[in-house]
Amino acid sequence: MDEQPRLMHSHTGVGMAGHPGLPQHLEGTGGADGDGRKQDIGDILQQIMTITDQSLDEAQARKHALNCHRMKPALFNVLCEIKEKTVLSIRGAQEEEPPDPQLMRLDNMLLAEGVSGPEKGGGSAAAAAAAAASGGVGADNSAEHSDYRAKLTQIRQIYHTELEKYEQACNEFTTHVMNLLREQSRTRPISPKEIERMVSIIHRKFSSIQMQLKQSTCEAVMILRSRFLDARRKRRNFNKQATEILNEYFYSHLSNPYPSEEAKEELAKKCAITVAQVSNWFGNKRIRYKKNIGKFQEEANMYAARTAVNAANASSHGSQANSPSTPNSAGGYPSPCYQSDRRIQ
DNA sequence: TCGAATGATTGGGA
DNA sequence: TCCCAATCATTCGA
């Protein structure tokens, strides 16, 4: 390479006026004849080919000379314009993508489960449902629930840590690329729009990684949720007190054992179960009572007697019982809880 | 271990 | 949407 004839004149001081280091033919005057132009192009190509042979100082000097050249801004503008009209216009049309429906689904799910968005006490629909279903009856259910919440919190923490990492990496990389491009824009035509496009490409790449993270987080939540719901299927009998309250209501409203929504809510609160469980219980009770009245007769008599005693106590103490099991229909009292005048058919 | 009891689920009807 | 009826799945006690 050293044997190559050097056609550059920069270090020898041969160049255009005011721009030492640039050959005169870059001034734009050019040769009048074709041979002269060919010679100029040959010179430039030769310079490019041999630029790697230059010392750092020489390269720096040439770079500086290029940057200071009076035609440089105009030339770069033209080149940027051409680039924009060709590549960018084509890509620009492709960039206008609608929001990814899958990503929206993932975001919605993470939000609903309380993984993303503001931290909620308990977080998820499953946890809420579970909380309602367990109704706080028994320590086991609440223990299961708190275990569920703890695991959900763990998932949430991992998700946010990873998300933060990705965002940080994305920002660092974007800044790095932007600096690099800005630096390069001094020596090659790079428009701000092009830098912007590059940034959006980087963001897209990182958001696809984020989508993977969201997907695996969703999967983890689904697994946790299904395990939890499976565990919930292992039913527990209601405690004795809850069964007594329900039975008292049932037998005291035997002529119309259909509690209204308000009565169900009150019973649910008293028994620490859900309204749905109250409905289930009454549904089961009605049908089982109807199927075998004889078998339930003893139970019915017992609750009727208890109700009568309660009523007597209440009246002698002049107090008003506010229980939904307040004696009424069994003793002929109309119940405000009746939703309609129905009987077990 | 087995049968009864019991809470939950499902499908159909009004 | 609520209820009934049948059924399932689990618990509990003998």
Side-chain angles (χ1 to χ4, degrees), chain A residues 109 112-113 122-149 151-152 221-307 323-326 328-330 333-345:
Chain A
M109 188 190 158
E113 290 297 333
S124 78
S134 65
V137 179
D140 285 351
N141 279 332
S142 57
E144 274 172 21
H145 187 209
S146 65
D147 187 39
Y148 178 90
R149 276 200 299 192
K151 280 178 180 155
L152 194 71
V221 171
M222 292 300 276
I223 291 166
L224 177 67
R225 192 172 169 167
S226 66
R227 277 186 194 157
F228 182 79
L229 290 175
D230 282 349
R232 198 167 59 84
R233 284 179 73 87
K234 288 180 183 172
R235 67 169 184 83
R236 300 280 151 81
N237 289 355
F238 298 157
N239 62 27
K240 208 177 170 185
Q241 199 190 349
T243 312
E244 294 240 322
I245 292 167
L246 294 167
N247 271 319
E248 270 184 34
Y249 186 95
F250 181 81
Y251 288 112
S252 65
H253 296 80
L254 203 51
S255 61
N256 185 33
Y258 298 88
S260 66
E261 201 56 36
E262 290 79 24
K264 280 182 193 171
E265 278 169 20
E266 202 176 337
L267 284 167
K269 206 188 283 181
K270 275 179 167 282
C271 301
I273 57 177
T274 65
V275 172
Q277 284 177 304
V278 172
S279 298
N280 281 340
W281 189 92
F282 273 88
N284 285 324
K285 189 73 183 180
R286 280 191 298 265
I287 203 127
R288 284 163 188 164
Y289 178 82
K290 194 182 102 176
K291 272 187 177 173
N292 199 345
I293 295 176
K295 191 184 112 186
F296 286 96
Q297 198 56 57
E298 199 181 325
E299 195 178 59
N301 291 338
M302 185 189 84
Y303 279 102
R306 195 184 291 184
T307 302
S323 158
S325 59
T326 301
N328 40 40
S329 64
Y333 301 117
S335 167
C337 299
Y338 285 3
Q339 58 180 16
S340 62
D341 196 17
R342 298 176 72 162
R343 284 177 171 275
I344 298 174
Q345 293 88 4

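Residue numbers begin at 1 in each chain, while the letters A, B, ... track the order of the sequences. Only this structure's heavy atoms are used, side chains among them; waters, hydrogens and symmetry mates stay out.
- Glu299(A) meets the side chain to side chain contact (heavy atoms under 4.5 Å, CB included) test with Asn247(A), Tyr251(A), Lys285(A), Phe296(A), Tyr303(A); sequence neighbours excluded.
- Checking dA5(B), dC2(C), dC3(C) against the side-chain heavy atoms of Arg286(A) singles out dC3(C) as nearest.
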side-chain contact (heavy atoms from CB on, under 4.5 Å) between Glu265(A) and Val278(A): does it pass, once the steps are laid out?
CA-CA 8 Å; Glu265(A) 278 169 20; Val278(A) 172; over 6 Å; no
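- As a whole-Å value, the separation of Asn247(A) CG from dA5(B) P is 14 Å.
- Counting all heavy atoms, side chain and backbone alike, Lys270(A) lies closest to Ile245(A) at O-CD1, 4.0 Å.
- Between the CZ atom of Arg236(A) and the P atom of dA9(C) there is a distance of 18 Å, rounded to whole Å.
- Using modelled atom types, one side-chain atom of Arg286(A) and one backbone atom of Pro257(A) make a donor-acceptor pair closer than 3.5 Å.
- The nearest whole Å value for the distance from the CD1 atom in Ile273(A) to the P atom in dT6(B) is 14 Å.
- In this entry the distance linking CG of Asn284(A) with P of dC3(C) reads 13 Å, nearest Å.
- Phosphate proximity of dC4(C) to Lys291(A): absent, as no side-chain N or O sits under 4.0 Å from OP1 or OP2.
- As rounded to whole Å, 9 Å separates atom P of dT9(B) from atom CD of Gln277(A).
- OP1 or OP2 of dC4(C) has at least one side-chain nitrogen or oxygen of Tyr258(A) nearer than 4.0 Å.
- Taking Glu262(A) as the reference, Ser260(A) meet the side-chain hydrogen bond (donor to acceptor under 3.5 Å, both in side chains) condition, with sequence neighbours excluded.
- Arg288(A) has no side-chain polar atom (N or O) that falls below the 4.0 Å cut-off from OP1 or OP2 of dT6(B).
- A sub-4.0 Å separation between OP1 or OP2 of dA8(B) and a side-chain N or O of Asn280(A) is present.
- Within 3.5 Å, no donor on the side chain of Asn237(A) pairs with an acceptor on the base of dA5(B), nor the reverse.
- A close approach under 4.0 Å does occur between a side-chain nitrogen or oxygen of Lys290(A) and OP1 or OP2 of dA5(C).
- Between the CG atom of Asn292(A) and the P atom of dA5(C) there is a distance of 14 Å, given to the nearest Å.
- Nucleotide dA5(C) holds its C1' atom 4 Å from the CD1 atom of Ile287(A), rounded to whole Å.
- Spacing between atom OH of Tyr289(A) and atom P of dA5(B) amounts to 16 Å, rounded to whole angstrom units.
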